[in-house]
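For reference, the structure I am asking about is given below.
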Amino acid sequence: MAAPAGPPAEAAGTECSEEALAAALADVPELARLLETDPYLKPYAPDFQRRYKRFNQTLSSIGENEGGIDRFSRGYESFGVHRCADGGLYCKEWAPGAEGVFLTGDFNDWNPFSHPYKKLEFGKWELYIPPKQNRSVLVPHGSKLK
């Protein structure tokens, strides 16, 4: 009876040197346990290392730019159109490919350029519309907006 084949030295054109494997094992938590469970993944250790580094970079960027993963995951609380306590209106949108964003509606006679958003980082846009001089709302409830 033939002995079972061990993990391939080369899988789909992927090789993993001992140095690359050692570096990946040092960088990626629990990778040794994963490779022990499934040794056929050993040639892909550098890919696990690359993906783990990218994940940490993204997580760090979210922490620095969005105030943490918890705040980032609650973006629905700040995106969209919100009435402010002072009677103003705060609008925030995510449009990473846009060159300009404008709010139009029946409140401004559908003027497409009267209320431009301010561009923020990471494709975000915001607009604050203050209340009228007499503290009444400029955009009444039920207004049609686009």
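Remember, predicted model here, so these are calculated numbers, not experimental data.
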Say whether, by atom type as modelled, one donor and one acceptor occur between the side chain of Asp106 and the main chain of Lys144 under 3.5 angstrom. yes
Examine distances only and state if a side-chain atom of Thr37 and a backbone atom of Arg33 form a donor-acceptor pair shorter than 3.5 Å. yes
Take a 6.0 Å sphere around CD of Glu36 and say whether it holds more than 12 heavy atoms from other residues, nucleotides or ligands.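 No, CD of Glu36 has 12 or fewer neighbouring heavy atoms, counting only those of other groups under 6.0 Å.
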Quick check: are there more than 12 heavy atoms from other residues, nucleotides or ligands sitting under 6.0 Å from OH of Tyr128? yes
Side-chain heavy atoms nearer than 4.5 Å, only ILVMFWY residues, links allowed to pass through others: does that put Leu127 and Val101 together?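 The answer is yes; both residues are in one hydrophobic cluster.
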Under the side chain to side chain contact (heavy atoms under 4.5 Å, CB included) rule, what do Ile129 and Leu103 come out as? Steps first, then yes or no, please. CA-CA 10 Å; Ile129 302 174; Leu103 183 68; 3.6 Å; yes
Minimum heavy-atom distance between Glu66 and Lys124, given as atom pair plus value: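 In terms of heavy atoms, the two residues are closest at OE2-NZ, 2.8 Å.
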Can you see which heavy atom on Arg83 is nearest to which on Leu89, and at what distance?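 Heavy atoms of Arg83 and Leu89 come nearest at NH1-CD1, 3.8 Å.
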Atom pair CG (Asp27) and CZ (Phe48), whose distance is rounded to the nearest 0.5 Å: 14.0 Å
Are Val137 and Val81 connected into the same hydrophobic cluster when the rule is that any two of I, L, V, M, F, W, Y join if their side-chain heavy atoms are below 4.5 Å apart?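 Val81 does not cluster with Val137.
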Working for side chain to side chain contact (heavy atoms under 4.5 Å, CB included), residues Leu145 and Phe107: CA-CA 8 Å; Leu145 303 173; Phe107 76 98; 3.5 Å; yes
Taking side chain as C-beta onward, heavy atoms only, is His115 less than 4.5 Å from Val139? no
Ignoring hydrogens and angles, tell me if any N or O in the side chain of His82 forms a donor-acceptor pair with the backbone of Phe79 under 3.5 Å.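 Yes, because the side chain of His82 sits within donor-acceptor range (under 3.5 Å) of the backbone of Phe79.
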Could you check Leu35 against Leu25 for side chain to side chain contact (heavy atoms under 4.5 Å, CB included), going step by step and ending with a plain yes or no? CA-CA 10 Å; Leu35 297 180; Leu25 288 170; 4.1 Å; yes
Here's a test for you: under side chain to side chain contact (heavy atoms under 4.5 Å, CB included), which of Tyr117, Phe102, Trp94 qualifies with Trp125?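 It is Tyr117, the one option of Tyr117, Phe102, Trp94 that forms the side chain to side chain contact (heavy atoms under 4.5 Å, CB included) with Trp125.
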Looking only at atom types and distance, does a side-chain atom of Thr58 sit under 3.5 Å from a main-chain N or O of Arg54, one as donor and one as acceptor? yes
Quick check: closest heavy atoms across Ser17 and Ala20, and the distance to 0.1 Å? OG-N, 3.0 Å
Mark yes or no for whether Asp109, through its side chain, and Asn111, through its backbone, hold a donor-acceptor pair below 3.5 Å. no
Just jot down the side-chain hydrogen bond (donor to acceptor under 3.5 Å, both in side chains) partners of Tyr52, sequence neighbours excluded, or say none. none
Measure the shortest side-chain to side-chain distance between Pro131 and Asp86 over non-hydrogen atoms and say whether it is less than 4.5 angstrom. yes
Report the distance from atom CG of Asp47 to atom CG of Leu41, rounding to the nearest 0.5 Å.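 Rounded to the nearest 0.5 Å, the CG-CG separation comes out at 10.5 Å.
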Could you tell me whether a side-chain N or O of Asn108 sits under 3.5 Å from a main-chain N or O of Gly105, the two making a donor and an acceptor? yes
Between atom CD of Glu64 and atom CG of Leu59, what is the distance when rounded to the nearest 0.5 Å?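 The CD atom of Glu64 sits 10.0 Å away from the CG atom of Leu59.
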Can you measure from OG (Ser73) to CZ (Arg71) and round to the nearest 0.5 angstrom?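 Interatomic distance, Ser73 OG to Arg71 CZ, rounded to 0.5 Å: 11.5 Å.
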Should the heavy atoms of other residues, nucleotides or ligands under 6.0 Å from CZ of Arg74 be counted, would the total exceed 12?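 More than 12 within 6.0 Å, yes.
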So, Lys118 and Glu126, do they make that salt bridge, N to O below 4.0 Å? yes
Which atom of Leu21 lies closest to which atom of Ala45, heavy atoms considered: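 Between these two residues, the closest heavy atoms are CD1-CB, 3.6 Å.
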